[in-house]
Protein chains: 2
Amino acid sequence: MATETGPGPQVPLNRQRVLRAAVSVADARGIESLTMRSLAEALGVEAMSLYYHVANKEAILDGVVEVIMGEIDEAVNRADVPAAEDGWKTALRARILAARGVLLRHPWAPGVFGTRTTTSLAVVRYFDAVVGVLRAGGFSYDLIHHALHALGSRALGFTQELFEPANNDGDDDAATEMLEQLVDQVPYVVEMMGEVAHDDPDSTLGWCDDQVEFEFGLDLILDGLERLRATA
Amino acid sequence: MATETGPGPQVPLNRQRVLRAAVSVADARGIESLTMRSLAEALGVEAMSLYYHVANKEAILDGVVEVIMGEIDEAVNRADVPAAEDGWKTALRARILAARGVLLRHPWAPGVFGTRTTTSLAVVRYFDAVVGVLRAGGFSYDLIHHALHALGSRALGFTQELFEPANNDGDDDAATEMLEQLVDQVPYVVEMMGEVAHDDPDSTLGWCDDQVEFEFGLDLILDGLERLRATA
DNA sequence: ACCTGAACACCGTTCAAGT
DNA sequence: ACCTGAACACCGTTCAAGT
């Protein structure tokens with residue numbers, strides 16, 4: 001719970017504690033407030049001490065990816081169903097939704113994944129397991145290769161949300177009003193929102209159920225892959 | 001071509017010139033070197049002058065998105081095929097591939113799109129046109145809504161490339177060697193790469209044809225949507 | 001109306017120095 | 001072995017001041 005407590009380092013710092021504290025800081029105060037100085041403060045240490053344990057901030061972000069991937073591995077191991085019994089689609093779906101559960105607890109993580117330039121071994125290992133599931137399901141490597149590209153980051157449980165952090169501060173009325181003034185600029189979108197909102201009286205401008213939509217897109221891709229596999 | 005030439009501002013600066021110069025700087029030297037000071041220098045002006053024309057750097061990045069979306073609109077208008085004649089799938093596919101062509105010229109742009117918190121009107125207008133194409137193709141708004149989520153950023157021609165900027169500096173041998181030492185850690189990936197490389201002797205570690213893979217994923221989704229539309 | 005200089009708070013990082 | 005203080009180059013930004 002607490003990122004660190006007490007005065008200064010009774011026990012010497014190490015790389016693992018630095019990385020875990022970085023995740024905690026990002027969780028608690030957002031990734032943009034993760035600085036060498038704020039991280040050091042959370043650890044009860046001076047900023048310069050961090051450089052004894054990690055090369056620089058980039059290395060910290062690389063390490064943060066490893067920590068998150070470790071959490072994903074844990075979640076998958078807890079949730080995964082055997083591929084042989086229920087088929088590849090069920091197994092892969094469960095794996096991806098488990099990964100998604102982890103990333104929902106670290107909403108800043110997808111952005112960090114996107115900024116890494118060197119390929120993380122932990123990420124490759126994750127994809128290796130995905131390839132294994134598909135292989136056990138009878139896919140050719142050629143189709144598996146295409147499949148990985150089709151899934152993209154969805155294989156890790158996230159998608160690039162283009163409209164995500166809209167300020168949903170309860171002012172749905174103001175937002176609706178604004179949209180009404182845009183009727184001539186985006187007529188189809190306005191009509192769509194009106195109709196879907198009408199079908200589901202509970203839905204307002206925050207009308208998208210992220211989980212439902214993620215599963216819709218995931219199933220669309222998985223179903224398409226199953227069709228290709230069966231006719232290959 | 002030149003971002004600006006000559007000494008200082010003969011003609012007064014304005015918002016449009018600031019934004020276009022920002023795109024030029026990002027194209028030429030990368031998004032990370034787009035700073036208020038470097039942008040000002042490219043415009044032959046002091047950094048503080050920029051604040052007369054834009055609120056702050058965030059506003060510049062918002063404006064950059066508008067500029068890019070303008071280029072996409074141009075490209076789409078040049079390339080788009082009428083929806084009525086060739087069907088919605090052909091029209092949407094052409095539209096998305098036109099957008100992709102623009103983003104390939106600005107490889108830093110997807111990252112900027114990802115960082116924007118306020119929703120860009122230009123982006124919403126683009127998606128409005130996508131909704132229009134699907135609507136003309138006989139989709140229900142409910143299915144269109146799901147479709148937008150399934151497409152995600154792919155509707156704009158990009159995907160979150162998790163393994164993109166690998167240092168492809170000709171040292172494929174070294175990379176292959178490294179991978180061979182990982183055989184026990186990622187056996188399926190190694191086997192996959194060996195087999196696909198064997199099928200196509202030209203392909204090495206830079207073995208993925210981005211355009212081919214993008215179109216594969218796009219078609220997978222579009223074909224799945226067509227099936228859902230037809231059976232609805 | 002449009003641009004600038006000086007200054008501020010904040011970054012990541014280096015390096016010699018402490019214990 | 002592990003941590004620190006002082007310093008550096010670089011950010012975005014404010015504000016009063018220039019023309």
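Computed from a predicted model, the values in this text were never measured in an experiment.
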Between the protein and nucleotides 9-12 of chain C, list every N/O to N/O distance that falls short of 3.5 Å.
unit_1: C/dG12; atom_1: OP1; unit_2: A/Lys57; atom_2: NZ; d: 2.8
unit_1: C/dG12; atom_1: OP2; unit_2: A/Met36; atom_2: N; d: 3.0
unit_1: C/dG12; atom_1: N7; unit_2: A/Arg37; atom_2: NH1; d: 2.7
unit_1: C/dG12; atom_1: O6; unit_2: A/Arg37; atom_2: NH2; d: 3.0

>> Take N1-N3 plus N6-O4 or O6-N4 for Watson-Crick, N1-O2 plus O6-N3 for G-U, both under 3.5 Å. Which runs of 3 or more such pairs involve DNA chain D?
In response: C:4-8 with D:12-16, C:12-16 with D:4-8

> With sequence neighbours excluded, what pairs up with A/Arg37 under the side chain to side chain donor-acceptor pair (under 3.5 Å) test?
Replying inline: none

>> Can you identify which nucleotide, out of D/dC2, D/dC15, D/dT4, has its nearest atom closest to the B/Met48 side chain?
In response: D/dC15

> Who are the side chain to side chain donor-acceptor pair (under 3.5 Å) partners of A/Ser38, not counting sequence neighbours?
Replying inline: A/Thr35

> Taking all non-hydrogen atoms of both residues, which atom of B/Phe158 and which atom of B/Phe214 are closest, and how far apart?
Replying inline: N-CE1, 3.9 Å

>> Taking CD in A/Glu215 as the centre, count heavy atoms belonging to other residues, nucleotides or ligands within less than 6.0 Å. Is the count above 12?
In response: yes

> So which heavy atom on B/Arg95 is nearest to which on B/Ala129, and how close?
Replying inline: NH1-CB, 3.4 Å

> B/Arg15: what forms a side chain to side chain donor-acceptor pair (under 3.5 Å) with it, not counting sequence neighbours?
Replying inline: none

> With respect to the phosphate group of C/dC3, does any side-chain polar atom (N or O) of B/His53 fall under 4.0 Å of OP1 or OP2?
Replying inline: yes

> Just to confirm, is there a sub-4.0 Å distance from OP1 or OP2 of C/dT4 to any side-chain nitrogen or oxygen of B/Ser49?
Replying inline: yes

> If each of B/Glu46 and A/Ala55 is mapped to the nucleotide of DNA chain C with the nearest heavy atom, which maps nearer the 5' terminus, i.e. the 5' end?
Replying inline: B/Glu46

> Which distance, rounded to the nearest 0.5 Å, do you find between the CG of B/Leu61 and the CZ of B/Phe113?
Replying inline: 11.5 Å

>> Side chain of A/Tyr52 only, heavy atoms from C-beta on: which candidate in C/dC15, C/dT4, D/dC2 is closest?
In response: D/dC2

>> Once side chain to side chain donor-acceptor pair (under 3.5 Å) is applied, what residue pairs with a partner in residues 97-113 of chain A remain, sequence neighbours excluded?
In response: A/Asp27-A/His106, A/Asp27-A/Trp108, A/Glu71-A/Arg105, A/Glu71-A/His106, A/Arg100-A/Gln211

